[in-house]
S.K.: 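Handing you a structure now.
Both ligands and their constituent atoms are indexed starting at 1 by order of listing. Just so you know, residue 1 is the first one in the sequence shown, and it goes up from there.
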Amino acid sequence: MIEKINQALADAERRAGEAADAAAVEQLRIDYLGRNGLFPAISREMGQVPPEERRETGCAFNAGRGKIQELIENAAARLKAAGSGSGDAIDLTLPGRRWKAGHKHPITMLADECVAVFRRMGFIVAEGPEIEDIYHNFDALNTPADHPSRDPQDTFYFADGRILRTQTSPVQIRVMESHQPPVRIVAPGRVFRRDTPDATHGMNFHQIEGLYVDRGVSMADLKSVLQTFATEMYGPKVKIRLRPHFFPFTEPSVEYDFSCIMCGGKGCPVCKHSGWIEIAGAGMVDPAVFANVGYDPEEWTGFAFGMGIERLAMLRYRIPDLRLLYENDVRFLEQF
Ligand code: PHE
């Protein structure tokens with residue numbers, strides 16, 4: 001009897017595998033489990049099994065019937081998944097669903113654009129760490145220990161004394177430490193300051209730093225590079241203006257403005273009716289900085305500048321509030 005059950009199982013397994021439609025599966029059920037099927041017939045013969053074999057035979061019978069039920073269910077599920085029998089196969093004529101790919105963030109787009117402009121002027125891209133040491137962020141940049149920018153109220157300090165860089169200027173130092181002049185680099189990147197966020201300030205923002213060191217570099221070269229940058233980014237009508245300023249690592253130092261891109265210099269709320277928009281700081285590299293990296297200040301001169309990328313993006317895309325750039329609202333980001 002056990003022999004018979006095993007044989008039935010093997011046959012059923014083969015037929016379940018071969019079943020090509022719902023009717024074949026139903027026939028399988030009828031043949032094995034239906035009223036006149038094999039298993040009910042075996043069940044009726046059970047009485048003739050000698051009592052000492054009955055236990056073992058009963059077990060085989062139950063296991064076999066369970067197994068056949070499983071085979072039938074699996075075969076039915078397989079057919080359903082394939083869509084056969086019900087007639088609703090995949091409609092190949094339907095248009096596909098397009099995968100919605102994102103795009104670069106406006107900050108990244110603008111940084112890329114700046115880099116492209118500077119590359120055309122012969123600058124290459126340099127990078128430095130966002131977690132910086134005090135030497136590269138301040139000391140090597142000729143910034144004294146009591147300078148207000150070093151205050152923990154303005155700078156994020158780690159317990160081990162390192163900091164989140166407050167500017168991209170430490171990249172100047174890292175480049176000059178590892179390369180001999182001439183040097184012509186731009187360094188875009190993220191910087192951090194303990195500011196209270198408002199429409200024009202954030203705790204982290206982006207700068208693009210520039211450094212040009214060679215023989216006989218002058219302020220005129222700085223001006224022409226900045227003017228070329230302004231024209232390339234915002235069109236031929238934009239003028240630049242330099243104002244005296246102070247940075248520990250440049251001498252002389254300037255802040256520079258672009259004529260207002262919104263009103264063309266006539267005066268509007270964006271430029272606070274002055275006709276000019278402050279863009280960044282710049283200056284001639286201080287000889288003390290050259291001394292810190294082992295360049296001879298008698299032989300080499302250079303200029304450096306650093307501008308805020310958010311500021312440039314706000315002007316370019318007419319974004320009224322810097323915080324919009326960080327909220328990651330897709331309705332905002334989709335516009336670029
Ligand atoms: N690092 C300065 C700042 O963050 C900007 C700057 C860079 C000024 C290079 C001069 C030269 O304000």
S.K.: Which residue, Arg165, Arg162, Arg174, forms the salt bridge (charged side-chain N to carboxylate O under 4.0 Å, His left out) with Asp133?
M.R.: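 It is Arg174, the one option of Arg165, Arg162, Arg174 that forms the salt bridge (charged side-chain N to carboxylate O under 4.0 Å, His left out) with Asp133.
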S.K.: Would Met203 end up clustered with Leu325 when hydrophobic side chains under 4.5 Å apart are linked, directly or stepwise?
M.R.: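 No, separate clusters.
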S.K.: The criterion is side chain to side chain donor-acceptor pair (under 3.5 Å); which residues satisfy it with Glu113, sequence neighbours excluded?
M.R.: Arg316
S.K.: Find all protein N or O atoms under 3.5 angstrom from an N or O atom of ligand 1 and list the pairs with distances, or write 'none'.
M.R.:
| from | atom 1 | to | atom 2 | distance (Å) |
| --- | --- | --- | --- | --- |
| ligand 1 | 1 (N) | Gln167 | OE1 | 2.9 |
| ligand 1 | 1 (N) | Ser169 | OG | 2.9 |
| ligand 1 | 4 (O) | Arg193 | NH2 | 2.9 |
| ligand 1 | 4 (O) | Gln207 | NE2 | 2.9 |

S.K.: Against Ile277, only a single residue in Asp257, Val238, Leu315 fulfils side-chain contact (heavy atoms from CB on, under 4.5 Å); can you say which?
M.R.: Leu315
S.K.: Restricting to pairs with a member in residues 54-72, which pass side chain to side chain donor-acceptor pair (under 3.5 Å), not counting sequence neighbours?
M.R.: none
S.K.: Only distances under 3.5 Å count here; give the side-chain donor-acceptor pairs of residues 300-314 to other protein atoms, sequence neighbours excluded, each with its distance to 0.1 Å.
M.R.:
| from | atom 1 | to | atom 2 | distance (Å) |
| --- | --- | --- | --- | --- |
| Thr301 | OG1 | Gly216 | N | 3.4 |
| Thr301 | OG1 | Val217 | N | 2.9 |
| Thr301 | OG1 | Val217 | O | 3.2 |
| Glu310 | OE1 | His206 | N | 2.8 |
| Glu310 | OE2 | His206 | N | 3.2 |
| Glu310 | OE2 | His206 | ND1 | 2.8 |
| Glu310 | OE2 | Tyr326 | OH | 2.2 |
| Arg311 | NH1 | Glu278 | O | 2.8 |

